[in-house]
Amino acid sequence: MSIGEEVLVVFGGGAAGVYGAIRAKTVAPKLNVVVIEKGKPLSKVRISGGGRCNVTNGHCVDNKIYILAERYPRGYREFRGTFFDVHGPMDTMSWFSDHGVDLKTEDDGRVFPVSNSSSSIIDCHLSEAKQRGVFLQTGKVVTTTNATAGGKFLFKLEKRTLNLVECIEADYLLIASGSSKPV
Ligand SMILES: Cc1cc2nc3c(=O)[nH]c(=O)nc-3n(C[C@H](O)[C@H](O)[C@H](O)COP(=O)(O)OP(=O)(O)OC[C@H]3O[C@@H](n4cnc5c(N)ncnc54)[C@H](O)[C@@H]3O)c2cc1C
Ligand SMILES: *[C@@H]1O[C@H](CO)[C@@H](O)[C@H](O)[C@H]1NC(C)=O
Ligand SMILES: *[C@@H]1O[C@H](CO)[C@@H](O)[C@H](O)[C@H]1NC(C)=O
Ligand SMILES: *[C@@H]1O[C@H](CO)[C@@H](O)[C@H](O)[C@H]1NC(C)=O
């Protein structure tokens, strides 16, 4: 990374972290975006929807989230967050078709890749991230976070298999650690 450029560290390489990183690079191409993932990226996406990955609900024709939220009883409150005011189910579907993933909507409204394989969703995200220059580091755990005197974030990363410890500094932080407890 060249000196003087700002750095966003995304903590967690699940659906939220990888998409967030792609989005950050889309709106701010000069930003250095680093995703730190302790295991494999998008591993929950792989098993979601029984390996087929139901991406969204296609019966939300007016793109309104409250209808989508009703279909996710356990995530109702989360779905009312600000993200979904600007990025509804129709935006999700057009994002995938714009990025070469054909989707189909089943009778009950669930939307799957035509391939019936979550790999299509994973491959799409990983190739888009790579193409946009997202720097993905896997097998590294964020163990501590601190603030520096200069107002930046400082993270300690550990690669346990190699007993390696390194530090990384960031101007911006996106926490996308899923249901894991924060460090
Ligand atoms: C069996 C199953 C089926 C599902 N089916 C569907 C479905 O069909 N459709 C649907 O929409 N949703 C489904 N879900 C829910 C969906 O998987 C989650 O909503 C989604 O994956 C959450 O994404 P996330 O990025 O917020 O979190 P996660 O996918 O949990 O990603 C967080 C990432 O952060 C990493 N991480 C955490 N702590 C650290 C650390 N200290 N250092 C480095 N990395 C760290 C984790 O390893 C993980 O990869 C399903 C879930 C399960 C378990
Ligand atoms: C997605 O698929 C999984 C597995 O089939 C199911 O448990 C979940 O309820 C589905 N979600 C929606 C919104 O259809
Ligand atoms: C995808 O899965 C659905 C439901 O199991 C099935 O009806 C359909 O034929 C499958 N499509 C392909 C291309 O395998
Ligand atoms: C963060 O601060 C604590 C307490 O001051 C210190 O022990 C730790 O080494 C610091 N971590 C990093 C990554 O600098």
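Atoms within a ligand are numbered from 1 in the order they appear, just like the ligands themselves.
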Nitrogen or oxygen atoms of [X] and ligand 1 under 3.5 Å apart:
X      : result
Glu37  : yes
Lys44  : yes
Ala15  : yes
Lys38  : yes
Gly49  : yes
Val142 : yes

Atoms of ligand 1 less than 4.0 Å from [X] heavy atoms?
X      : result
Ser48  : 3 (C), 4 (C), 5 (N), 6 (C), 7 (C), 8 (O), 13 (C)
Ala176 : 32 (C), 33 (C), 34 (O)
Ile36  : 43 (C), 44 (N)
Gly178 : 26 (O), 27 (O), 30 (O), 32 (C)
Gly14  : 25 (O), 29 (O), 31 (O), 33 (C)
Gly12  : 33 (C), 34 (O), 35 (C)

Can you find a pair of side-chain heavy atoms, one from [X] and one from [Y], that are under 4.5 Å apart?
X      : Y      : result
Lys156 : Val165 : yes
Lys104 : Asn116 : yes
Phe153 : Val9   : no
Leu126 : Leu136 : yes
Ile47  : Ser118 : no
Trp95  : Ile22  : yes

Answer side chain, backbone, both or neither: which part of Pro41 comes under 4.0 Å from ligand 1, heavy atoms only.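 The answer is neither.
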Between Arg52 and ligand 1, find which residue part has any heavy-atom pair under 4.0 Å and reply side chain, backbone, both or neither. neither
Going by the closest heavy atom to atom 9 (N) of ligand 1, which one wins out of Asn54, Asn57, Thr143? Asn54
Quick one: which of Ser177, Ala16, Gly50, Ser43 has a heavy atom closest to atom 26 (O) of ligand 1?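 It is Ala16 that holds the nearest heavy atom.
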Does Asp98 CG have over 12 foreign heavy atoms under 6.0 Å away?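 Above 12, so yes.
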Are more than 12 heavy atoms, taken from residues, nucleotides or ligands other than Lys130, located less than 6.0 Å from that residue's NZ atom?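 No, not enclosed.
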Are any of the protein's heavy atoms under 4.0 angstrom from atom 2 (O) of ligand 3, yes or no? yes
Is any heavy atom of the protein nearer than 4.0 Å to atom 7 (O) of ligand 3?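 No, no protein heavy atom sits under 4.0 Å from atom 7 (O) of ligand 3.
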Could you check whether the rings of Phe96 and His125 sit parallel, tilted or perpendicular, using 30° and 60° as the cut-offs? perpendicular
Please confirm whether Lys104 comes under 4.0 Å of ligand 3, counting heavy atoms of the residue only. yes
How far is atom 10 (C) of ligand 3 from its nearest protein heavy atom, and which residue and atom is that? Asn116 ND2, 2.4 Å
So which heavy atom in the protein is nearest atom 13 (C) of ligand 3, and how far is it from that ligand atom? Val114 O, 4.0 Å
Let me confirm one number: the CG-CD distance from Leu8 to Glu6, rounded to the nearest 0.5 Å. 10.0 Å
Pairwise distance OG1(Thr138) to CD(Glu37) - rounded to 0.5 angstrom: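 Separation between the atoms: 8.0 Å.
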Val45 near ligand 1, heavy-atom distance under 4.0 Å? no
Tracing side-chain links under 4.5 Å among I, L, V, M, F, W and Y, which residues wind up in one group with Val27? none
Checking side-chain polar atoms at under 3.5 Å, does Thr56 have a donor or acceptor matched by the opposite partner on Thr92? no
